[in-house]
Number of protein chains: 2
Amino acid sequence: MSLTESSATDIARAASLASRRLATLSEADRNGALTTLHDALLRNKSFILEANAKDVKSATREAESGNLSHSVLNRLDLSRPGKYDDMLKGILSVRDLHDPIGHVTLRTLLDDGLVLERVSCPIGVLLIIFEARPEVIANIVALSVKSGNAAILKGGKESTESFVAISQVISDAIADTQVPQSSVQLVRTRDVVSSLLDQESFIDLVIPRGSNDLVRFVKDNTKIPVLGHAEGICSAYLHSDADPEVALKVIVDSKTDYPAACNSLETLLVHRDALETVFPDVAEALLSKGVCLRCDKPAKAVLTKLLPATPVHLLQDAVDSDYRTEFLDLTLAVKTITPSQPGSLAVDAAVAHINSHSSKHTDIILTSSRGVADTFMKGVDSAGVFWNASTRFADGMRYGFGTEVGISTNKIHTRGPVGLDGLTIYKYLIRGNGHRASDYSQGKRKWKHQRLSP
Amino acid sequence: MSLTESSATDIARAASLASRRLATLSEADRNGALTTLHDALLRNKSFILEANAKDVKSATREAESGNLSHSVLNRLDLSRPGKYDDMLKGILSVRDLHDPIGHVTLRTLLDDGLVLERVSCPIGVLLIIFEARPEVIANIVALSVKSGNAAILKGGKESTESFVAISQVISDAIADTQVPQSSVQLVRTRDVVSSLLDQESFIDLVIPRGSNDLVRFVKDNTKIPVLGHAEGICSAYLHSDADPEVALKVIVDSKTDYPAACNSLETLLVHRDALETVFPDVAEALLSKGVCLRCDKPAKAVLTKLLPATPVHLLQDAVDSDYRTEFLDLTLAVKTITPSQPGSLAVDAAVAHINSHSSKHTDIILTSSRGVADTFMKGVDSAGVFWNASTRFADGMRYGFGTEVGISTNKIHTRGPVGLDGLTIYKYLIRGNGHRASDYSQGKRKWKHQRLSP
């Protein structure tokens, strides 16, 4: 913890040096460190909860005076039933995941005695910036150690006391393991973030975990690659031949299961031929759950006619910006889809709308036709494209990854829910016996280029 | 070509729109376009060579007045024996590579009737900025079309006439194919580069192909991810137990096969116990090829004693900056490696030197010990780490990738020689039948998470 007063460069350089040693540790050493960490956090539960209570107390005052939302207060409170134990269990479940390091993903016999391998390895140094939830610290430290990456963590001001206490326990625990001390650095000083974002020669990846504003701030202020998503504007396209029951179940779940999540539905595109067939029942179900529908003219006309009892505040006129808005509550933008010109397909118009309006997170189609679904799934350029299934499935646990670092809407490296694999890259190894490249260019030897089983 | 006068935003937006349609084309359509392209370039050979002759003429004048290097002049000349035919053959060999799009790399049964797939897909829009070689245009267009990515190409001023002629032929040819016109845009205006580098909402990846200065300029002037390497500072570590014949062959090949290449050797690290055993023969062989050795004191003392006839200009004192220099000619920095403290290993000192001095391109070890080699290969954080094999093997053709987009020293996405795979990413597809996420969180249904064969 002595490093918290040091400059960003010192922190980043120390992380970089530590990352090289961490990358060479065995799986047993890395897993052993996670056990030690788990035990230390278990042993120091009351110490940490006392510190956390101070944060909760300050935050309660802030919330009462209206300066802090109650959801932040809830996220902060580590003493809520099951929360601390879940944090502890989380460390062990990351420990027990398959080792992401050292996988041979390609093996080629280049020539007799000359073998090329591509082997997975840690990326190097991660900078993780997060807001309220103090249990994220344990989660992120576990993911970093498991994947052999050094981590620099910076928490939010609401969780300062919890952060200090957890930092101290983690630092002391790490000292008893093979993991180099500087491979987990918890930075408490507030003004160091901008300087850390400048350390592109030492830091390889930034992972912001928190509000859209935080992600946007980070993306706008660094040249280091950023893993994450600023927003989740997810759409559903209701095709004319959608099964009514499937459509209703999936759309209601996508919108109402947890409206504040990034994988919740924000825009519903309705084929014009579905307006008076499948759509009304879907709309009625949404309205009955309190969802406000912001409709374009054709959709509103249909609902006004068929559902005349709808309260005025739940049936509004859409404006253009609604189709680019992440509402994160019980509001849904509705747009009618017609083929863009005679002879063209409605599904192409839906795909075009999504590609120019969505945030490339997750978009779905409701249709009974495999052909239409295939066109949609090929055409939509998003991390997740689903057919007759809820947007809410876009999640690392639900995908079966065991854990999730975040959801990426980037176009390179890793996309969608990011598991441990997203924290790895690879290197190429060649083992030879005095092989010269010139022998091949001069025709003295010939390439074999024979794929071997990895 | 009407787009060359448009603004960077128009160019980038058009590429983005075109990329969505290109991404849905079948392999046959993409391959067919490459055949059409090949045939058009074959048919218009004399037209293009006439334009190229104008560039060569201007460049010759520039070279004679000392304003242009002869190597640039050589790279410019498309009429050199075999060059045009190689360009044409290159298009067909890219066409005949395995389709990188549509591979299912993960398939999981989430629950009955609910299947998750991870499928490879194009990245989207590439911006390729290159310098002299006009044949790169055909190569890049072929790679982009094959991988389903839209490409915006910007050539260097030396190849203006060739670029205009090739652009025209390619644009006309593309018009006869399924590939949308705007998916290949060749930009001739010079001042548009900076504006293109600002188009991060439409352009997904920048690939600079040319000098280190070009790569550095691009990296410093965009927020779009850049694929490439600014420099190749490759090192060899000569361990005390290296086989003399292997060491000599590999080091001489690494340094002298093609000194101007990024995968050539720039630094030789010599274990102190190898100074008077294996090193002298290696040094003698290098000196006989005209390599100038910039040595630290111990290495120079040994060579002065054992090779007293060495010309003074080939045996120089090293300065610190030599160990961070990409010489790109017949100069090699030599440094003696001693364990950093009693009880530590020399190989660890070599690894530490490389991790703090090399450019993470390719580094090699010469040793007879598998254990020492393993320590080196695990510890060195570079795209390529070889044992008893030349640095010059770091190359897409030599790795068996069929072609190469460039060599990446990035820490994320793709590392080392980049083949077609480096121009792809993936998306997650789910096919269901009305599945709701809430059924799983409420315990009404249970996850199966059963891995299926892709």
Side-chain angles (χ1 to χ4, degrees), chain A residues 20 23-24 108 110 114 116 123-124 204-205 223 225 243 245-246 249-250 252-253 257 351-352 355 373 375 377-379 381-390 392-395 398-400 411-413 415-417 425-438 440-441 447 449, chain B residues 20 23-24 108 110 114 116 123-124 204-205 223 225 243 245-246 249-250 252-253 257 351-352 355 373 375 377-379 381-390 392-395 398-400 411-413 415-417 425-438 440-441 447 449:
Chain A
R20 299 319 320 148
T24 64
T108 306
L110 301 182
L114 190 69
L116 171 75
I123 290 176
D204 301 301
L205 190 64
K223 292 190 77 70
D243 178 280
E245 196 191 336
V246 164
K249 283 167 69 179
V250 168
V252 170
D253 186 78
D257 182 42
V351 167
N355 284 337
T375 301
M377 294 170 102
K378 263 198 166 182
D381 176 29
S382 295
V385 195
F386 305 164
W387 175 25
N388 290 345
S390 169
R392 293 271 299 138
F393 285 112
D395 172 279
R398 292 168 184 179
Y399 277 13
K411 296 293 290 287
I412 66 161
H413 185 61
R415 219 179 173 196
I425 184 71
Y426 49 77
K427 55 185 172 187
Y428 288 98
L429 306 179
I430 292 181
R431 295 180 174 90
N433 185 28
H435 290 73
R436 293 183 290 220
S438 51
Y440 301 84
S441 48
W447 297 108
H449 284 152
Chain B
R20 299 319 322 149
T24 64
T108 306
L110 301 182
L114 189 69
L116 171 75
I123 291 176
D204 301 300
L205 191 63
K223 291 190 78 70
D243 178 280
E245 196 191 335
V246 164
K249 283 167 70 179
V250 168
V252 169
D253 186 78
D257 182 42
V351 167
N355 284 337
T375 300
M377 294 170 101
K378 263 200 164 181
D381 177 29
S382 295
V385 194
F386 305 164
W387 176 25
N388 290 343
S390 170
R392 294 272 298 139
F393 285 112
D395 172 278
R398 291 168 185 180
Y399 277 15
K411 296 292 289 287
I412 64 161
H413 186 61
R415 220 178 172 195
I425 184 70
Y426 50 77
K427 55 184 171 188
Y428 288 98
L429 306 180
I430 291 181
R431 295 180 174 90
N433 185 29
H435 289 73
R436 292 184 291 221
S438 51
Y440 301 85
S441 48
W447 297 108
H449 284 153

> What's the spacing between B:Asn433 CG and A:Glu245 CD if we round to 0.5 Å?
Replying inline: 9.0 Å

>> Heavy-atom cut-off 4.5 Å, strictly under: side chain, backbone, both or neither for B:Leu110 against chain A?
In response: side chain

> Which one of B:Arg415, B:Lys223, B:Arg392 has the most heavy-atom pairs closer than 4.5 Å to chain A?
Replying inline: B:Arg415

>> Taking ring pair (Phe, Tyr, Trp, His ring centres under 6.0 Å) as the definition, give me every residue that meets it alongside A:Tyr440, ordered by chain and number, with sequence neighbours left out.
In response: A:Trp447, B:Phe393

>> Can you list everything that forms a salt bridge (Lys or Arg N to Asp or Glu O under 4.0 Å) with B:Lys378? Sequence neighbours excluded, please.
In response: none

>> Quick check for you: among B:Ala437, B:Ser441, B:Ala389, B:Ser390, which has the greatest number of heavy-atom pairs under 4.5 Å with chain A?
In response: B:Ala437

>> Can you tell me how far apart CG (A:Asp204) and NZ (B:Lys411) are? Round to the nearest 0.5 Å.
In response: 3.5 Å

> Considering only heavy atoms, which portion of B:Asp381 lies under 4.5 Å from any heavy atom of chain A: side chain, backbone, both, or neither?
Replying inline: both

>> Tell me which of these, B:Val250, B:Asp243, B:Val252, B:Ile123, has more heavy-atom pairs under 4.5 Å with chain A than the rest.
In response: B:Ile123

>> A side-chain contact here means heavy atoms from C-beta on lying under 4.5 Å apart; do B:Lys427 and A:Val385 qualify?
In response: yes

>> If we ignore hydrogens and angles and just use 3.5 Å, is the side chain of A:His449 paired with the main-chain N or O of B:Arg398 as donor and acceptor?
In response: yes

> How far does CE of B:Met377 sit from OG1 of A:Thr24, to the nearest 0.5 angstrom?
Replying inline: 15.0 Å

> Using non-hydrogen atoms only, which part of B:Leu205 is less than 4.5 Å away from chain A: side chain, backbone, both, or neither?
Replying inline: side chain

>> Report which part of B:Thr375 has an atom under 4.5 Å of a heavy atom belonging to chain A: side chain, backbone, both, or neither.
In response: neither

>> Would you compute the distance between atom CD1 of B:Ile412 and atom CD1 of A:Ile412 and round it to the nearest 0.5 angstrom?
In response: 4.5 Å

> Is a salt bridge present between B:Asp253 and A:Arg436, judged by a nitrogen-to-oxygen distance below 4.0 Å?
Replying inline: no

> Rounded to the nearest 0.5 Å, how far apart are NE2 of B:His435 and CG of A:Asn388?
Replying inline: 10.0 Å

> Between B:Gly379, B:Gly400, B:Ser438, B:Gly416, which shows the greatest number of heavy-atom pairs under 4.5 Å with chain A?
Replying inline: B:Ser438

> How long is the gap from CG on B:Leu429 to CH2 on A:Trp387, to the nearest 0.5 Å?
Replying inline: 11.5 Å

